Amino acid sequence: MELNVDKTKCKKDGICVESCPNKVIGLSDGNGFPRIIPGLEMLCISCGHCVAVCPHGAMNHPNVPVEDCPPIEKELVINEEQAAQFLRARRSIRVYKDTPVDKETIQKLIELACHAPTGGNSQLVSWIAVTGKDKVHRLSELTIEWMRSKLEESPYRFIYPPEFLKMSISYWEGGEDPVLRKAPALVVAKAPEMVATDPTLALSYFELAATSMGLGTCWAGQLKAALLEYQPVREAMKLKDDNSIFYYPMMLGYPKFEYHLLPKRKPAKIKWI
Ligand SMILES: Cc1cc2nc3c(=O)[nH]c(=O)nc-3n(C[C@H](O)[C@H](O)[C@H](O)COP(=O)(O)O)c2cc1C
């Protein structure tokens, strides 16, 4: 694998060398232009830092073509105040409008979520998208079915107290959906267990991106618990019978209500060392 350096633009300043996470780039002895150090090709994680950091636009990488890397628009950079309000204003949405979410919108959100960091730039997160209120509602129904079966187990062994399951079941019987909140769409991020943090990070990006587009999300913890062990839920979601895959589901839809205030959090607990 070779870097394609534009020698008319490269200033041999070594910025790409210093920025490379695995130090696979060096300035070649002969002409001083950057290249991948022979023998270290396998350590390149194709993260694109060398391409993105070059102030002269001189770097190109076979796996991260410079023509696929748009410039960072200075006027779109958000300031600290904007970021703080945006982050503080994201809410878990539990009341949705009936409006469906179209596939293009979900696709756009997932593509943005793919920019979340992944361990070793593995980019192994993939997605399942469930569209349509009825399909999502069926997953809630199966989760309630699973809760009923949990309550019948003896001895009762589950992290949620039985009262919690009974409460969910009674809301369901009253016509509410405490599991997936009658959301019109749901996404599931998944990845092999060895990179199990990555789907969670991707979903965090997903929900922030959704907020910016006027959509709302909520982590679907109850469905997540059901899909870990209840075969009918796994089948309905077409999940492989493979415990080495980590899954996390998230509801998606247009919020029925607008929020007006920023609730306080507990003070940050920090141990300075
Ligand atoms: C891993 C995880 C699982 C969650 N599961 C559920 C859930 O099953 N149902 C629900 O209504 N909210 C769920 N939530 C939302 C939390 O209750 C919510 O994030 C918390 O109360 C703070 O509110 P906020 O997200 O609006 O700031 C979950 C959140 C996380 C991070």
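These figures come from a predicted structure and were not determined experimentally. Counting starts at 1 for both ligands and their atoms, in listed order.
Listed by number with element, the atoms of ligand 1 under 4.0 angstrom from any heavy atom of Q222 are 8 (O). Heavy-atom contacts of Y248 reach the following atoms of ligand 1: 1 (C), 2 (C), 3 (C) (cutoff under 4.0 Å). The atoms of ligand 1 that sit less than 4.0 Å from any heavy atom of A220 are 8 (O). In summary, the atoms of ligand 1 found under 4.0 Å from a heavy atom of R181, numbered by their order in the structure, are 10 (C), 11 (O).
Counting only non-hydrogen atoms, the option in R88, R91, R94, M250 that gets closest to atom 27 (O) of ligand 1 is R91. Nearest-residue assignment for atom 25 (O) of ligand 1 (options A89, S168, S92; heavy-atom criterion): S92.
By the criterion of a heavy-atom distance under 4.0 Å, the side chain of C218, and not its backbone, is placed next to ligand 1. Counting heavy atoms closer than 4.0 Å to ligand 1, residue R265 contributes side-chain atoms (C-beta onward) but none from N, CA, C or O. Contact annotation for K224 and ligand 1: no heavy atom of the residue comes within less than 4.0 Å of the ligand.
Under 4.0 Å is where a charged nitrogen must lie from a carboxylate oxygen, and between K166 and E163 no such pair does. In this structure, K150 pairs ionically with E153, as a charged nitrogen and a carboxylate oxygen lie closer than 4.0 Å.
The nearest heavy-atom contact from the protein to atom 8 (O) of ligand 1 is G221 N, 2.9 Å. Among protein heavy atoms, atom 14 (N) of ligand 1 sits closest to W219 O, 3.8 Å.
A donor-acceptor contact under 3.5 angstrom links the side chains of Q123 and N121, judged on distance only. Between Q85 and E81, the side chains place no donor N or O within less than 3.5 Å of an acceptor N or O (distance only, hydrogens not considered).
Here the side chain of N22 pairs a donor or acceptor atom with the backbone of L43 at under 3.5 angstrom.
Relative to the ring axis of F33, K12 places its NZ or CZ within 45° and under 6.0 Å from the centre. The cationic group of K240 does not satisfy the cation-pi geometry with Y247, failing either the under 6.0 Å distance to the six-membered ring centre or the 45° limit from the ring axis.
Here's the thing with M251: none of its N/O atoms is less than 3.5 angstrom from an N/O atom of ligand 1.
The cluster map of Ile, Leu, Val, Met, Phe, Trp and Tyr, joined by side-chain heavy atoms under 4.5 Å apart, puts L3 and V53 in different clusters.
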